[in-house]
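To start, the structure under review is shown below, and the notes come after it.
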Amino acid sequence: MRPTRATLLAATLCAAATLATPTLADAWRGTYEVAGVKGEDMLKLRAGPGTGYKVILGLPNGAIVHVRSCERSGNTRWCNVSLDVARNLRGYVSESYLREK
């Protein structure tokens with residue numbers, strides 16, 4: 001059975017709409033500030049997207065990060081970030097503590 005012209009047109013339009021829609025990862029890309037960390041605590045920059053990963057370092061409120069992508073793991077959205085002051089230093093932080101800059 002050969003696809004009809006209408007079927008091919010519909011498939012093309014669906015593909016174009018999918019490609020034109022920003023992904024969740026793209027929606028989060030940009031510059032963010034660490035915010036909402038309590039007291040003297042620090043936001044943990046981790047080696048992977050979850051609390052089971054090694055802590056690389058702590059980030060205080062006001063630290064600037066560049067979000068590359070985000071993904072959900074359990075009930076938390078984890079963002080892959082690089083530091084503003086050290087772009088080669090990358091890791092994951094909980095998006096709950098990020099505020100768009």
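Between R68 and R87, the closest heavy-atom pair is NH2-O, 4.0 Å. Considering all non-hydrogen atoms of both residues, G62 and E33 come closest at CA-OE2, 3.4 Å.
Although no hydrogens or angles enter the test, the distance criterion places a donor-acceptor pair under 3.5 Å between the side chain of N61 and the main chain of G36.
A single hydrophobic cluster is seen to contain both L89 and V34, as judged by linkage of ILVMFWY side chains at heavy-atom distances under 4.5 Å, directly or through other members. Cluster membership check: V93 does not share its hydrophobic cluster with Y53, using side-chain heavy-atom separations under 4.5 Å among Ile, Leu, Val, Met, Phe, Trp and Tyr. Following chains of ILVMFWY side-chain contacts shorter than 4.5 Å, one can reach V37 starting from V67, so the two form part of one hydrophobic cluster. V55 and Y97 end up in different hydrophobic clusters when Ile, Leu, Val, Met, Phe, Trp and Tyr side chains are linked at under 4.5 Å.
Applying side chain to side chain contact (heavy atoms under 4.5 Å, CB included) to V65 and the options V81, L43, L45 leaves one that passes, V81.
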Practice task
Could you walk me through whether T76 and T51 pass side chain to side chain contact (heavy atoms under 4.5 Å, CB included), step by step?
Solution key: CA-CA 10 Å; T76 305; T51 57; over 6 Å; no
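Rounded to the nearest 0.5 Å, atoms SG (C79) and OH (Y92) are 10.0 Å apart. Atoms NZ and CG, on K44 and L59 in that order, are 10.5 Å from each other to the nearest 0.5 Å. Atom OH in Y32 sits 12.5 Å away from atom CZ in R99 (nearest 0.5 Å). With rounding to the nearest 0.5 Å, the separation of NE2 in H66 from CZ in R90 is 12.0 Å. Here L98 contributes atom CG and I64 contributes atom CD1; the two are 10.0 Å apart, rounded to the nearest 0.5 Å. Note that OG of S94 and CZ of R46 are 10.0 Å apart. Values are rounded to the nearest 0.5 Å.
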